[in-house]
Amino acid sequence: MEIKGIIFDLDGVICSTDEYHYQAWKKMADHEGIYFDRKINERLRGVSRAASLEIILEKADRQYSDEEKLEMMTKKNDLYKEFLSSMTERDVSSEVSDTLNALRAKGLKLAIGSSSQNTKLILSRIGLLDFFDGISDGTIISQSKPNPEVFIKAAGILQLRNENCFVVEDAEAGIDAAVAGGFHSIGIGSASSYDKAEYKINSFKEIIDLV
Ligand code: BG6
Ligand code: MG
(Lines give C-alpha, C1' and ligand atoms only; values in the text may rest on other atoms or scores of the structure.)
(Ligands and ions follow the chains in the order given, each with its own letter.)
Protein backbone atom coordinates (compact mmCIF):
# COMPACT_ATOMS: atom_id res chain seq x y z
CA MET A 1 0.00 0.00 0.00
CA GLU A 2 1.43 3.34 -1.08
CA ILE A 3 -0.59 6.29 0.21
CA LYS A 4 0.03 9.64 -1.52
CA GLY A 5 -3.21 11.44 -0.71
CA ILE A 6 -6.07 11.56 1.77
CA ILE A 7 -9.68 12.40 0.94
CA PHE A 8 -11.67 13.55 3.97
CA ASP A 9 -15.40 13.53 4.36
CA LEU A 10 -16.48 16.86 5.89
CA ASP A 11 -19.63 16.51 8.03
CA GLY A 12 -18.76 14.46 11.11
CA VAL A 13 -15.07 14.10 10.21
CA ILE A 14 -13.50 17.57 9.91
CA CYS A 15 -16.25 19.29 11.94
CA SER A 16 -19.41 18.37 13.83
CA THR A 17 -21.94 19.62 11.30
CA ASP A 18 -23.50 16.13 11.37
CA GLU A 19 -25.25 17.24 14.59
CA TYR A 20 -26.63 20.35 12.85
CA HIS A 21 -27.98 18.17 10.02
CA TYR A 22 -29.78 16.09 12.66
CA GLN A 23 -31.19 19.11 14.52
CA ALA A 24 -32.47 20.70 11.31
CA TRP A 25 -34.11 17.51 10.01
CA LYS A 26 -35.60 16.85 13.46
CA LYS A 27 -37.24 20.27 13.55
CA MET A 28 -38.60 19.80 10.02
CA ALA A 29 -39.90 16.29 10.83
CA ASP A 30 -41.50 17.39 14.14
CA HIS A 31 -43.23 20.25 12.33
CA GLU A 32 -44.68 17.76 9.82
CA GLY A 33 -45.59 15.26 12.56
CA ILE A 34 -43.23 12.61 11.12
CA TYR A 35 -41.42 10.32 13.57
CA PHE A 36 -37.64 10.80 13.38
CA ASP A 37 -34.91 9.82 15.83
CA ARG A 38 -31.11 9.49 16.06
CA LYS A 39 -31.20 5.85 14.96
CA ILE A 40 -32.92 6.80 11.69
CA ASN A 41 -30.51 9.74 11.43
CA GLU A 42 -27.56 7.31 11.20
CA ARG A 43 -28.88 6.27 7.77
CA LEU A 44 -28.68 9.89 6.56
CA ARG A 45 -24.91 10.11 7.02
CA GLY A 46 -23.19 10.64 3.70
CA VAL A 47 -26.33 10.53 1.55
CA SER A 48 -27.69 13.50 -0.39
CA ARG A 49 -30.32 15.91 0.87
CA ALA A 50 -32.99 14.40 -1.40
CA ALA A 51 -32.11 10.81 -0.42
CA SER A 52 -32.16 11.86 3.25
CA LEU A 53 -35.69 13.22 2.88
CA GLU A 54 -36.86 9.97 1.26
CA ILE A 55 -35.53 8.01 4.26
CA ILE A 56 -37.36 10.36 6.67
CA LEU A 57 -40.58 10.05 4.65
CA GLU A 58 -40.60 6.25 5.14
CA LYS A 59 -42.29 7.08 8.50
CA ALA A 60 -44.80 9.54 7.03
CA ASP A 61 -48.46 8.53 6.96
CA ARG A 62 -49.17 10.12 3.59
CA GLN A 63 -47.54 10.73 0.22
CA TYR A 64 -45.81 14.05 -0.41
CA SER A 65 -45.76 15.75 -3.81
CA ASP A 66 -42.50 16.76 -5.50
CA GLU A 67 -43.35 20.39 -4.74
CA GLU A 68 -43.87 19.63 -1.04
CA LYS A 69 -40.59 17.68 -0.96
CA LEU A 70 -38.77 20.64 -2.44
CA GLU A 71 -40.33 22.92 0.18
CA MET A 72 -39.26 20.55 2.98
CA MET A 73 -35.69 20.37 1.69
CA THR A 74 -35.54 24.15 1.39
CA LYS A 75 -36.91 24.54 4.90
CA LYS A 76 -34.39 22.05 6.31
CA ASN A 77 -31.51 23.70 4.48
CA ASP A 78 -32.55 27.16 5.73
CA LEU A 79 -32.59 25.85 9.31
CA TYR A 80 -29.25 24.11 8.74
CA LYS A 81 -27.66 27.27 7.37
CA GLU A 82 -28.78 29.16 10.49
CA PHE A 83 -26.58 26.75 12.48
CA LEU A 84 -23.72 27.18 10.00
CA SER A 85 -23.87 30.96 10.33
CA SER A 86 -22.57 30.77 13.89
CA MET A 87 -19.58 28.54 13.01
CA THR A 88 -16.03 29.86 13.27
CA GLU A 89 -12.45 28.56 13.15
CA ARG A 90 -13.03 27.36 16.72
CA ASP A 91 -15.29 24.64 15.32
CA VAL A 92 -12.20 22.77 14.10
CA SER A 93 -10.57 20.96 17.03
CA SER A 94 -6.87 21.45 17.64
CA GLU A 95 -6.47 17.69 17.11
CA VAL A 96 -7.95 17.95 13.60
CA SER A 97 -5.98 21.02 12.67
CA ASP A 98 -2.66 19.69 14.09
CA THR A 99 -3.19 16.37 12.30
CA LEU A 100 -3.99 18.02 8.95
CA ASN A 101 -0.80 20.08 9.23
CA ALA A 102 1.26 17.02 10.18
CA LEU A 103 -0.10 15.05 7.20
CA ARG A 104 0.70 17.92 4.85
CA ALA A 105 4.22 18.14 6.33
CA LYS A 106 4.64 14.46 5.43
CA GLY A 107 4.06 15.45 1.79
CA LEU A 108 0.56 14.03 1.41
CA LYS A 109 -2.00 15.70 -0.84
CA LEU A 110 -5.22 16.45 1.01
CA ALA A 111 -8.75 16.78 -0.37
CA ILE A 112 -12.37 17.00 0.73
CA GLY A 113 -14.91 14.50 -0.62
CA SER A 114 -18.36 15.48 0.65
CA SER A 115 -21.92 14.99 -0.64
CA SER A 116 -22.84 18.39 0.78
CA GLN A 117 -23.74 21.34 -1.39
CA ASN A 118 -22.81 23.52 1.59
CA THR A 119 -19.18 22.31 1.59
CA LYS A 120 -17.54 25.57 0.52
CA LEU A 121 -19.73 27.63 2.86
CA ILE A 122 -18.68 25.41 5.79
CA LEU A 123 -14.98 25.39 4.83
CA SER A 124 -15.07 29.14 4.55
CA ARG A 125 -16.70 29.54 8.00
CA ILE A 126 -14.10 27.27 9.65
CA GLY A 127 -11.17 28.93 7.86
CA LEU A 128 -10.20 25.94 5.70
CA LEU A 129 -11.45 27.03 2.28
CA ASP A 130 -7.94 27.55 0.93
CA PHE A 131 -6.27 24.75 2.87
CA PHE A 132 -7.07 21.68 0.78
CA ASP A 133 -5.43 20.69 -2.51
CA GLY A 134 -8.82 19.73 -3.88
CA ILE A 135 -12.51 19.99 -3.06
CA SER A 136 -15.02 17.51 -4.48
CA ASP A 137 -18.56 18.14 -3.23
CA GLY A 138 -22.30 17.87 -3.76
CA THR A 139 -22.23 20.62 -6.39
CA ILE A 140 -20.16 18.61 -8.89
CA ILE A 141 -21.59 15.10 -8.58
CA SER A 142 -24.66 13.44 -10.06
CA GLN A 143 -24.73 10.47 -7.67
CA SER A 144 -24.04 10.71 -3.95
CA LYS A 145 -22.45 8.12 -1.64
CA PRO A 146 -22.55 5.07 -1.60
CA ASN A 147 -21.68 5.79 -5.26
CA PRO A 148 -17.91 6.51 -5.40
CA GLU A 149 -18.24 9.50 -7.80
CA VAL A 150 -17.34 12.17 -5.22
CA PHE A 151 -14.11 10.35 -4.26
CA ILE A 152 -13.17 9.51 -7.86
CA LYS A 153 -13.50 13.22 -8.69
CA ALA A 154 -11.40 14.15 -5.63
CA ALA A 155 -8.62 11.73 -6.68
CA GLY A 156 -8.83 13.17 -10.19
CA ILE A 157 -8.34 16.70 -8.85
CA LEU A 158 -5.33 15.49 -6.82
CA GLN A 159 -4.09 13.63 -9.93
CA LEU A 160 -3.68 10.45 -7.91
CA ARG A 161 -4.80 6.88 -8.52
CA ASN A 162 -7.66 5.73 -6.29
CA GLU A 163 -5.56 2.95 -4.75
CA ASN A 164 -2.99 5.53 -3.62
CA CYS A 165 -5.58 7.42 -1.54
CA PHE A 166 -7.14 6.98 1.87
CA VAL A 167 -10.76 7.97 2.34
CA VAL A 168 -11.65 9.04 5.89
CA GLU A 169 -15.35 8.61 6.66
CA ASP A 170 -17.88 8.62 9.51
CA ALA A 171 -20.66 7.22 7.30
CA GLU A 172 -21.26 3.60 6.34
CA ALA A 173 -22.42 4.90 2.92
CA GLY A 174 -19.06 6.68 2.65
CA ILE A 175 -17.06 3.54 3.45
CA ASP A 176 -19.17 1.63 0.91
CA ALA A 177 -18.35 4.35 -1.65
CA ALA A 178 -14.63 4.12 -0.87
CA VAL A 179 -14.65 0.33 -1.25
CA ALA A 180 -16.64 0.56 -4.52
CA GLY A 181 -14.08 3.02 -5.90
CA GLY A 182 -11.04 0.94 -4.96
CA PHE A 183 -9.79 3.35 -2.28
CA HIS A 184 -8.26 2.43 1.06
CA SER A 185 -10.70 3.37 3.82
CA ILE A 186 -10.56 4.60 7.38
CA GLY A 187 -13.71 4.55 9.52
CA ILE A 188 -14.06 7.07 12.33
CA GLY A 189 -16.97 8.04 14.61
CA SER A 190 -20.13 6.23 13.54
CA ALA A 191 -18.12 4.19 11.00
CA SER A 192 -15.39 3.22 13.49
CA SER A 193 -17.02 -0.14 14.08
CA TYR A 194 -18.19 -0.74 10.51
CA ASP A 195 -16.82 -4.08 9.34
CA LYS A 196 -16.27 -2.89 5.75
CA ALA A 197 -13.84 -0.16 6.89
CA GLU A 198 -10.28 -1.29 6.16
CA TYR A 199 -8.93 0.63 9.16
CA LYS A 200 -10.97 1.71 12.18
CA ILE A 201 -9.88 4.59 14.40
CA ASN A 202 -11.31 6.25 17.49
CA SER A 203 -9.38 9.47 17.25
CA PHE A 204 -8.47 11.69 14.25
CA LYS A 205 -4.77 11.83 15.11
CA GLU A 206 -4.47 8.06 14.60
CA ILE A 207 -4.45 8.76 10.83
CA ILE A 208 -0.79 9.81 11.17
CA ASP A 209 0.17 6.28 12.26
CA LEU A 210 -1.48 4.79 9.16
CA VAL A 211 0.52 6.70 6.53
C1 BG6 B 1 -23.33 14.80 3.87
C2 BG6 B 1 -24.06 14.53 5.15
O3 BG6 B 1 -22.05 15.23 4.15
O4 BG6 B 1 -24.00 15.82 3.12
C5 BG6 B 1 -25.50 14.16 4.85
O6 BG6 B 1 -23.44 13.46 5.83
C7 BG6 B 1 -26.15 15.28 4.04
O8 BG6 B 1 -26.20 13.97 6.07
C9 BG6 B 1 -25.35 15.51 2.77
O10 BG6 B 1 -27.49 14.93 3.71
C11 BG6 B 1 -25.91 16.64 1.90
O12 BG6 B 1 -25.74 17.84 2.58
P13 BG6 B 1 -26.34 19.24 2.14
O14 BG6 B 1 -25.55 20.24 2.95
O15 BG6 B 1 -26.10 19.39 0.67
O16 BG6 B 1 -27.79 19.22 2.47
MG1 MG C 1 -19.95 12.48 7.26
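Atoms within each ligand, like the ligands themselves, are counted from 1 in listed order.
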Stepwise side chain to side chain donor-acceptor pair (under 3.5 Å) check, Asn77 with Asn118: CA-CA 9 Å; Asn77 197 48; Asn118 291 297; 3.0 Å; yes

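- Listed by chain and residue number, nothing satisfies the side-chain contact (heavy atoms from CB on, under 4.5 Å) test with Gln63 (two or more places apart in sequence, or in another chain).
- Atom 11 (C) of ligand 1 has its closest protein heavy atom at Ser116 CA, 3.7 Å.
- For atom 2 (C) of ligand 1, the closest non-hydrogen atom of the protein is Asp11 OD2, 3.5 Å.
- Of all atoms in ligand 1, numbered sequentially from 1 with element shown, those under 4.0 Å from a heavy atom of Ser48 are 10 (O).
- At a 3.5 angstrom cut-off on N or O pairs, Trp25 does not count as close to ligand 1.
- Residues Tyr20 and Met87 are in side-chain contact: their nearest non-hydrogen atoms beyond the backbone lie under 4.5 Å apart.
- No heavy atom of Ala171 sits closer than 4.0 Å to any atom of ligand 1.
- At the top of the distance list for atom 9 (C) of ligand 1, counting protein heavy atoms only, stands Val47 O, 3.2 Å.
- In the vicinity of Arg45, heavy-atom distances shorter than 4.0 Å reach the ligand 1 atoms 6 (O).
- Counted within 6.0 Å of NZ on Lys200, heavy atoms from surrounding residues, nucleotides or ligands total more than 12; the atom is thus considered enclosed.
- Considering backbone and side-chain N/O atoms, Ser52 comes within less than 3.5 Å of an N/O atom of ligand 1.
- Heavy atoms of Gln117 found under 4.0 angstrom from ligand 1 belong to the backbone as well as the side chain.
- Lys26 NZ: more than 12 foreign heavy atoms inside a 6.0 Å radius.
- Using a 4.0 Å cut-off to heavy atoms of Leu44, the atoms of ligand 1 that qualify are 5 (C), 8 (O).
- Residue Glu67 places its CD atom among 12 or fewer non-hydrogen atoms of other residues, nucleotides or ligands, all under 6.0 Å distant.
- For atom 16 (O) of ligand 1, the closest heavy atom belonging to the protein is Arg49 NE, 2.7 Å.
- No donor-acceptor distance shorter than 3.5 angstrom exists from the side chain of Ser16 to the backbone of Gly12, with no hydrogens or angles considered.
- The same ILVMFWY cluster, assembled from side-chain heavy atoms under 4.5 Å apart, contains both Ile122 and Ile135.
- Within the protein, the number of N/O/S atoms found under 2.8 Å from the Mg ion (ligand 2) is 3.
- Annotation: side-chain hydrogen bond (donor to acceptor under 3.5 Å, both in side chains) contacts of Arg38 (sequence neighbours excluded): Glu19.
- The number of heavy-atom neighbours closer than 6.0 Å to NZ of Lys69, taken from other residues, nucleotides and ligands shown, is above 12.
- Ring-plane geometry between Tyr199 and Phe166 is classed as perpendicular, the angle between the planes exceeding 60 degrees on a 0 to 90 degree scale with a lower cut at 30.
- Atoms of ligand 1 found under 4.0 Å from any heavy atom of Gly46 (numbered from 1 in listed order, with element): 2 (C), 5 (C), 6 (O).
- Taking Ile, Leu, Val, Met, Phe, Trp and Tyr as members and joining any whose side-chain heavy atoms lie under 4.5 Å apart, directly or through other members, the hydrophobic cluster of Ile56 also contains Tyr22, Trp25, Met28, Ile34, Tyr35, Phe36, Ile40, Leu44, Val47, Leu53, Ile55, Leu57, Tyr64, Leu70, Met72, Met73.
- Close approach of ligand 1 to Asn118 (heavy-atom distance below 4.0 Å) involves ligand atoms 13 (P), 14 (O).
- At a threshold of 4.5 Å between non-hydrogen side-chain atoms, the residues Ile157 and Asp133 do not count as touching.
- Residue Ser114 approaches ligand 1 through these ligand atoms, each under 4.0 Å from one of its heavy atoms: 3 (O).
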